[in-house]
Amino acid sequence: MKYSIKGWVKNSFCDWDAKISSVVFLPGCNMMCPFCQNWQLVKEHRIIEDIDWDMIKSYLADNKDFIDGLVITGGEPFISDFLLEMIKEVKQMSIAVKVDTNGTFPHKLKYLIDNSLIDAVAMDIKNAFEPEIYSRTCGVPVDDRMLGNILSSAKILIGSSIDYEFRTTLVRTLHTLENIKRVAMELNGAKKYVLQQYRKIGVRDFDGGKPFSREEMEKFRDEVSQFFNQCCIRYYDRDT
Ligand code: SF4
């Protein structure tokens, strides 16, 4: 089966906490978040050339002593029908795997966890679990069934022993403290929740040039941290 890989970062120090990882980007997504940083992978992936998987595997094999694991991101990796085979190949090399997901494929996620095929997951929680709010935030219609799938994925992770984090990208025009509190109550007891600052990088300016400040994000964090073992913010300097 031919694998379609549209991006590759050989060495990353920021895609897996406290680990040095290699990162591959898979095409396509079932959401269309207006603030997506990887929108080309979502909307224009057909015009991006594939990167040779064998070359990536060789690099991983040659650098196993240096690289702690492979991060598979996108797009939404679970929509790629070769994901399972790809992960099996990496695990056969005794290399750890982390998958980034929007949580809409709970059965696939559970299969990977039950069969010890993944070591870590970062799952996006777009906003409060309400169809109208979630739809507005992720850019596609979200009904109760899809929301149920996202919640199922969250519960699977909370009930698992693998390394995971939930994360929400905070956009001033989409998020309120009230809605983040509702998210926190749904995820009560989770290991880790990360509030990320929205960064405008070639995407529509949703925050009117006013991203949440560090102080505002710290207030969000302080209001919900009681629900998690660990709750933190990822804040980016707008000027860098
Ligand atoms: S789920 Fe992720 S990859 Fe898909 S559109 Fe949203 S931010 Fe982009």
Side-chain angles (χ1 to χ4, degrees), residues 3-9 12 14-16 21 23-48 50-51 70-83 86 98-109 112 118 120-143 145-154 156-157 164-175 179-180 183 187 193-207 211-212 234 236:
Y3 300 168
S4 180
I5 297 160
K6 300 294 183 179
W8 177 34
V9 174
S12 168
C14 59
D15 285 272
W16 193 341
S21 61
V23 186
V24 289
F25 295 79
L26 307 190
C29 187
N30 56 347
M31 290 183 175
M32 238 183 260
C33 308
F35 49 87
C36 180
Q37 303 289 346
N38 296 331
W39 59 271
Q40 283 165 309
L41 288 169
V42 177
K43 293 180 182 167
E44 294 180 355
H45 57 87
R46 284 179 188 82
I47 60 171
I48 303 173
D50 283 327
I51 297 169
L70 178 71
V71 174
I72 304 176
T73 189
E76 168 52 49
F78 280 110
I79 69 168
S80 291
D81 54 8
F82 56 83
L83 178 67
M86 173 187 264
K98 170 177 177 258
V99 175
D100 293 346
T101 180
N102 60 27
T104 48
F105 296 91
H107 301 297
K108 293 181 179 183
L109 176 65
L112 293 180
I118 41 174
V121 173
M123 180 177 153
D124 287 350
I125 304 291
K126 301 298 178 187
N127 211 329
F129 292 98
E130 193 178 303
E132 192 273 330
I133 294 173
Y134 223 90
S135 301
R136 183 155 34 93
T137 311
C138 74
V140 297
V142 175
D143 57 15
R145 187 171 160 274
M146 193 160 166
L147 268 189
N149 282 341
I150 295 165
L151 266 170
S152 292
S153 291
I156 288 165
L157 289 174
Y164 69 84
E165 71 175 33
F166 297 113
R167 58 193 187 186
T168 299
T169 300
L170 293 179
V171 183
R172 187 178 296 282
T173 49
L174 295 172
H175 296 94
N179 285 340
I180 296 304
V183 169
L187 303 179
Y193 185 43
V194 182
L195 295 162
Q196 306 184 136
Q197 188 195 37
Y198 161 66
R199 280 189 297 177
K200 180 183 174 293
I201 304 177
V203 289
R204 236 172 88 195
D205 196 350
F206 272 84
D207 55 7
F212 282 114
R234 284 196 188 120
Y236 307 98

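Starting from 1, each residue takes its place in the sequence as its number. Since this is a predicted model, take the numbers as computed values, not measurements. Atoms within a ligand are numbered from 1 in the order they appear, just like the ligands themselves.
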For atom 3 (S) of ligand 1, state which one of G139, P77, G103, G75 supplies the nearest heavy atom. G75
Ligand-side contact atoms (ligand 1) for residue partner N102, heavy atom cut-off under 4.0 Å: 1 (S)
Output the list of atoms in ligand 1 that are nearer than 4.0 Å to some heavy atom of K126, sorted by atom number. 1 (S), 2 (Fe), 6 (Fe), 7 (S)
Residue of the set I133, T169, T137 for which side-chain contact (heavy atoms from CB on, under 4.5 Å) holds with K126: T137
Have a look at F212 and tell me which of V171, L170, L195 forms a side-chain contact (heavy atoms from CB on, under 4.5 Å) with it. L170
If you apply the rule side chain to side chain contact (heavy atoms under 4.5 Å, CB included), what do you find for R167 with D100, and how did you get there? CA-CA 10 Å; R167 58 193 187 186; D100 293 346; 3.5 Å; yes
Hey, are D50 and S4 close enough side-chain-wise for a donor-acceptor pair under 3.5 Å? yes
Looking only at side chains, do S21 and D15 share a donor and an acceptor under 3.5 Å apart? no
For a distance under 2.8 Å, tell me if C138 has an N/O/S atom near atom 6 (Fe) of ligand 1. no
Of all protein heavy atoms, the one nearest atom 8 (Fe) of ligand 1 is C36 SG, 2.3 Å
Looking only at protein heavy atoms, what sits closest to atom 4 (Fe) of ligand 1 is C29 SG, 2.3 Å
One residue to check: Q37. Relative to ligand 1, which of side chain, backbone, both or neither has a non-hydrogen atom less than 4.0 Å away? neither
What part of C33 sits under 4.0 Å from ligand 1 if we count only heavy atoms: the side chain, the backbone, both or neither? both
The reported gap from CG in L109 to CD1 in I156 (rounded to nearest 0.5 angstrom) is 5.5 Å
